[in-house]
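So the structure is just underneath, and the comments pick up after that.
Chain letters run A, B, ... following the sequence lines, proteins first, then strands; residues in each count from 1. Here the structure is a predicted model, which means the values were calculated and not measured.
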Amino acid sequence: MTEGKNNRNFITEIIDDHNENGRFQGKVHTRFPPEPNGYLHIGHAKSICLNFGIAEQYGGLCNLRFDDTNPAKEEQEYIDAITEDLRWLGYDWGERLYFASDYFDELYEMAVELIRIGRAYVDELNTDEIREYRGTLTEPGRESPYRHRSIEENLALFEKMRAGGFKEGEAVLRAKIDMTHGNINMRDPVMYRILDAAHPRTGDKWKIYPMYDFAHGQSDSIEGITHSICTLEYEDHRPLYDWYLDNIEIFHPQQIEFARLNLSHTVLSKRKLIRLVREGQVRGWDDPRMPTISGLRRRGYTPEAIREFCEDIGVGKVKGVVALHKLEYHLRQHLNKTADRVMAVINPLKVVIENYPDDRVEKMEAVNNPEDETAGTRSVPFSKVLYIERDDFMEEPPRKFFRLAPGREVRLRYAYFITCTDVIKDATGEIVELRCRYDPATRGGSAPDGRRVKSTLHWVSAPHAIQAEARLYDSLFTVEHPDSDRDRDFTDFINPDSLRVVDPIYVEPHLRNAQAGDRFQFERLAYFVVDQDSTAEKLVFNRTVTLRDQWRKAQKKARRAPRKRRRKSAKPR
RNA sequence: AGGGAAGUAGCUCAAUCGGCAGAGCAGGCGCCUUUGGAGCGCAAGGUUAAAGGUUCGAGUCCUUUCUUCCCUGCCA
């Protein structure tokens, strides 16, 4: 799907420059470097598509590298989940699966080298003191009293750190740069700290762990990464990235920063996603309302839709918020081409065809996917008693309501024209059944006399329908920017109706053998995916995204319009 | 004594290193239709943050200003 792609953006411009001036001999090698401390979300997808996409576009390679330099936060569970999500998205890193922890020995040697050339020292200030000595955004910092120890002493002390001679917090290794630098990252940044935690991969071999800044650039360098693409908040780190590489004198990749994705109607910060899970606002990381890759997958999103979305939004340095409907647009776009159609009734209204023989059952041929001839057809049973959607009938239809009403004729999809002859209500006045008559000449859905109907309804045969559970999802938040309100917590904006369970719904028998992960369009309603909670006895469907609904839109507009008119007429003439 | 970055249509991005400011999505209006889906078409949408300068010509180069965002973890 990405073949022949030729995206142009500020990053390809930089790469083109490099290719012209020969900086990397025309080579392009990128990497996707997640920290295994949480689940991947749609924001990561942008970075993934970017890194793998750029490599592909230039005939280069993209590595997967776990940035596992902080064992206090990282777990194998996340490594597994991230790997699975990447595979599902359709990316392949070949044999190039790496871990920053693979380089701990080399990194240690590099640190020793910096000590040897007098550019690093062991500091025994405590955390608070280091912060105090660092200065502020507008005031310069002060040098640590330990800054001018001899090289020999630093070497010995660093070895002591490695050997476990210090406790957590008692000593750090720092780069000797400039305590008065305007960029705070350059005020003698910490290179190594002591962490008393077992590492998922290196176990308890190490007592000291490199900081991100000391690990990332060198890891890039070791792997021969040419273009190290990261998000905007690392702009301030680039001088340090460059400093380490220049002072260690190793291969020097180019760090490039882009604006991370923000999506409306959701939150994408790890901290907030964790809260949603911990506070029970959702059922877990893969809850279909979550913006995580696993959540989107369970919701019924396709990898293709996510990738198309990432292509579409492009890449720049402007922080913005992409509208959720853009993601949904690409989802519908792909599902429309690939999802088989099926008929299902979510809110049933019983219909009895008075002039249809009691015991008769007909097999109606239905097209599985009008967008894809190879999807073929199926047969749908039709009988005297049916369910239609309650919303498809109105006893007193307003203007522009084209569906069924007393005395009105409509088409039942793939079946007959029917006309409503009677409305049956219960004691409370609620409509419980419709009596209709069908025209036998209209079998298949068209009238020999050429008469037309304004609408086509979906339906299921009551005696043949399968009962299933539907989970109707809506957006998790009621506002566009749940986390941009300074006075209110983002959880205040959680949509109380983000999940509505309807049980039972009635689906056509064709669905009997549907498997978890199968996607369908319930005609005229929405796309659905079979959830993993389904059992042999009962199917569970997650509503992925609704179809665009002109009638609902028209209703909304109609509700707005009178107000407008009133306002106008209130004006003095 | 602060450093870094970004401002082009409602949103996301373009504009071939100075040459008629364009696209997708959203919104509007039509056409078509055995899904009120899909599809197709039309119109609308802009003082390129602002001011000044250079130039035959500036979104693009220079100067100043304004606005927004990021940075004071032994997180990444």
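- Annotation: A:Y209 is in aromatic contact with A:F104 [ring centroid separation under 6.0 Å].
- Put simply, the side chain of A:R149 never gets that close to the backbone of A:N154: no donor and acceptor are under 3.5 Å apart.
- Between A:R193 and B:C75, a side-chain N or O to OP1/OP2 separation shorter than 4.0 Å is present.
- With sequence neighbours excluded, no residue forms a ring pair (Phe, Tyr, Trp, His ring centres under 6.0 Å) with A:Y301.
- Within the 3.5 Å criterion, the main-chain N or O of A:I177 finds a donor-acceptor partner in the side chain of A:D188.
- Distances shown here put every side-chain N or O of A:Q550 at or beyond 4.0 Å from the OP1 or OP2 atom of B:G30.
- Ring centroids of A:Y108 and A:F158 are separated by less than 6.0 Å, placing the two rings close together.
- Heavy atoms of A:E35 sit under 4.0 angstrom from primed sugar atoms or phosphate atoms, though from no base atom.
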Dump the pairs, protein N or O against N or O of nucleotides 41-49 of chain B, anything under 3.5 Å, distances to one decimal.
none

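- For A:R260, no side-chain nitrogen or oxygen approaches OP1 or OP2 of B:U12 to under 4.0 Å.
- Checking the phosphate oxygens (OP1, OP2) of B:C25, a side-chain nitrogen or oxygen of A:Y329 falls inside 4.0 Å.
- Taking only side-chain nitrogens and oxygens, A:R548 never comes nearer than 4.0 Å to OP1 or OP2 of B:G36.
- Side-chain nitrogen and oxygen atoms of A:R134 include at least one within less than 4.0 Å of the OP1 or OP2 phosphate oxygen of B:C74.
- You'll find that the side chain of A:T456 is closest to B:U35, out of B:A76, B:G4, B:U35.
- Between A:F214 and A:Y244, the ring center distance clears the sub-6.0 Å criterion.
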